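Shown next, in structure tokens, is the structure this report addresses.
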There are 2 protein chains.
Amino acid sequence: MTPRTLEKTGSKKSAAARERLASWISSRGLKATRQRDVIVDVFFAQTGHLSVDELLEKAKQRDPTIGAATVYRTMKILADAGLASARHFEGGQTRYEAALDRHHHDHLICTSCGSIIEFENERIEELQETVAEDHGFHVTHHKLELYGLCRHCRVEQASDRR
Amino acid sequence: MTPRTLEKTGSKKSAAARERLASWISSRGLKATRQRDVIVDVFFAQTGHLSVDELLEKAKQRDPTIGAATVYRTMKILADAGLASARHFEGGQTRYEAALDRHHHDHLICTSCGSIIEFENERIEELQETVAEDHGFHVTHHKLELYGLCRHCRVEQASDRR
DNA sequence: CTGAGAATGAGAATCAATTTCAAAATGGCC
DNA sequence: GGCCATTTTGAAATTGATTCTCATTCTCAG
Ligand SMILES: [Mn+2]
Ligand SMILES: [Mn+2]
Ligand SMILES: [Zn+2]
Ligand SMILES: [Zn+2]
């Protein structure tokens, strides 16, 4: 019988997320498992936009027996519970980011180095709403992604050109 | 020897597109083929956002021997030539729309009936640019998609609820 | 008409994600 | 603690869109 010990990494925030998940899980007849604990722990220990592969790698460092299917399944539960949001950026796999206590935001994505910058722009959101209304549309969610070169890669490219 | 006759459907616009494609093709040592003619003809005969599957079906009505790979390849050429743009809406396959003489625009997508409404909003575009600049970003392209219920599906849903 | 090169269609391969299934784990109850 | 219905798991199979491979056919400049 392996002891179920985890140095629950991280802040009060990830502790709060774990609690929310626990009640989500029990409230619908799901079960708490060692694997889910590890995956969730790994997820909240990071910041940023993580792919399932990246999460699997980290999870395996703690428990090499964890399978990819379980990571897919667990992240879906986190998303359903509102604790993670799934992002589908251009061309890649699904990435997840922590969603607890976070505002809605959109992204700038560098097509050269892959870095992702987040932004919120209330005015844009309002205008989107106006556009939708003009067409009798009721918006449930949207996607705004700006692709290009980040400051750093812009400089690099300029010097390459010389 | 099958005669290479095609009732080149459609407007001066699609005729212009076919011409542009012809010069694109010859200018880089590609070759004109019966299959490409059919696919391009089918594409420009429609309006809207067509999936490769839809294009393949229509193309097969004219020439049942046309294969999916050829449709994929041809649409990629059209996109490279700037005559079609590829769109990757939520969850589905790639869709193509005619791009000749069209402004950049974004989309409202009904998650219930799949209908797509196009819009242009100069103010939103400007704000995007501003946001990017604020972060030292140089934007090459972007994606703005508003998902929700169109006017029609909104009404239907309201009556379902009674 | 010829030949070099390009294009084709069928099927195999890829890749992320989902599903299947038999075996293992969980947790409410006694 | 044991019981056991239910859930979960990992591995492997499957899916679905797209791309690739390859042997064969087609195109077009000379
Ligand atoms: Mn984000
Ligand atoms: Mn459009
Ligand atoms: Zn960059
Ligand atoms: Zn609709």
Side-chain angles (χ1 to χ4, degrees), chain A residues 1-6 21-40 42 49-57 59-60 62-81 84 86-96, chain B residues 1-4 6 21-40 42 49-57 59-81 84 86-96:
Chain A
M1 200 188 297
T2 323
R4 184 100 154 268
T5 322
L6 287 172
L21 180 63
S23 70
W24 173 274
I25 280 185
S26 70
S27 77
R28 49 205 77 205
L30 307 185
K31 288 173 179 174
T33 69
R34 180 174 34 84
Q35 291 87 331
R36 298 221 267 231
D37 282 351
V38 171
I39 293 162
V40 169
V42 158
H49 306 80
L50 291 329
S51 70
V52 168
D53 255 356
E54 289 165 355
L55 289 165
L56 177 60
E57 279 324 297
K60 275 188 165 166
R62 296 233 196 142
D63 177 349
T65 71
I66 286 180
T70 302
V71 181
Y72 277 105
R73 291 186 280 232
T74 301
M75 294 315 295
K76 210 166 280 270
I77 291 172
L78 278 186
D80 288 347
R87 302 287 185 175
H88 306 274
F89 298 128
E90 216 169 67
Q93 328 94 291
T94 300
R95 292 182 170 274
Y96 288 92
Chain B
M1 197 191 297
T2 323
R4 187 102 154 269
L6 284 172
L21 180 62
S23 69
W24 174 273
I25 280 185
S26 70
S27 77
R28 50 205 77 206
L30 307 185
K31 288 172 179 175
T33 68
R34 180 174 35 85
Q35 292 86 334
R36 297 219 270 229
D37 281 351
V38 171
I39 294 161
V40 168
V42 157
H49 307 79
L50 290 330
S51 69
V52 170
D53 253 357
E54 289 164 354
L55 290 165
L56 177 61
E57 280 323 300
K60 275 188 165 165
Q61 290 171 18
R62 297 232 197 144
D63 178 349
T65 72
I66 287 180
T70 302
V71 180
Y72 277 104
R73 291 186 279 232
T74 301
M75 292 316 296
K76 210 164 280 268
I77 290 174
L78 278 186
D80 288 346
R87 301 287 185 174
H88 306 274
F89 299 128
E90 215 169 69
Q93 328 93 292
T94 301
R95 291 180 172 276
Y96 288 92

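This structure is a prediction, so every number in the text was calculated from the model and none was measured. Proteins get letters first, then strands, A, B, ... in listed order; numbering begins at 1 in each.
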*Atom-pair distance (CD on B/Glu54; C1' on D/dA17), nearest Å*: 14 Å

_Side-chain heavy atoms of A/Tyr96 within contact of A/Val52, under 4.5 Å_ = yes

*asked:* Between C1' on C/dA10 and CD on B/Gln35, what's the gap in Å once rounded to a whole number?
replied: 14 Å

*Atom CG of A/Asp37 and atom P of C/dA25: how far apart are they, to the nearest Å?*
15 Å

*Starting at the 5' end of DNA chain D, which residue's closest nucleotide do you reach first, A/Asp63 or A/Gly29?*
A/Gly29

*Atom OH of A/Tyr72 and atom P of D/dA12: how far apart are they, to the nearest Å?*
17 Å

*Classify the side chain of A/Lys31 and the base of D/dT7 as holding, or not holding, a donor-acceptor pair under 3.5 Å.*
no

*asked:* Within the 4.5 Å heavy-atom criterion, are A/Arg36 and A/Leu21 side-chain neighbours or not?
replied: no

*For A/Gly92, answer base if it contacts any base atom (sugar-phosphate contacts may also be present), sugar-phosphate if it contacts only those atoms, and nothing otherwise; contact means non-hydrogen atoms under 4.0 Å.*
nothing

*Rounded to the nearest angstrom, tell me the gap between atom CD in B/Glu90 and atom C1' in D/dG16.*
17 Å

_4.5 Å side-chain heavy-atom contact, B/Tyr72 and B/Thr94_ = no

_Atom-pair distance (CG on A/Leu55; P on C/dA17), nearest Å_ = 12 Å

*Take the protein atom CG of B/Leu21 and the nucleotide atom P of C/dA7, then report the distance between them rounded to whole Å.*
11 Å

_Closest to the B/Gln93 side chain, choosing from C/dT8, C/dT18, D/dT18_ = D/dT18

*Selected nucleotide, minimal atom distance to B/Thr33 side chain, candidates C/dT18, C/dG27, D/dT27*: D/dT27

*Out of curiosity, B/Asp80 CG to B/Trp24 CH2, how far, rounded to the nearest 0.5 Å?*
5.5 Å

*N or O in side chain of B/Arg28 less than 4.0 angstrom from C/dA6 OP1/OP2*: no

*Rounded to the nearest angstrom, tell me the gap between atom CD1 in B/Ile25 and atom C1' in D/dT27.*
12 Å

*B/S/- contact track for nucleotides 20-25 of chain D, protein heavy atom under 4.0 Å*: BB----

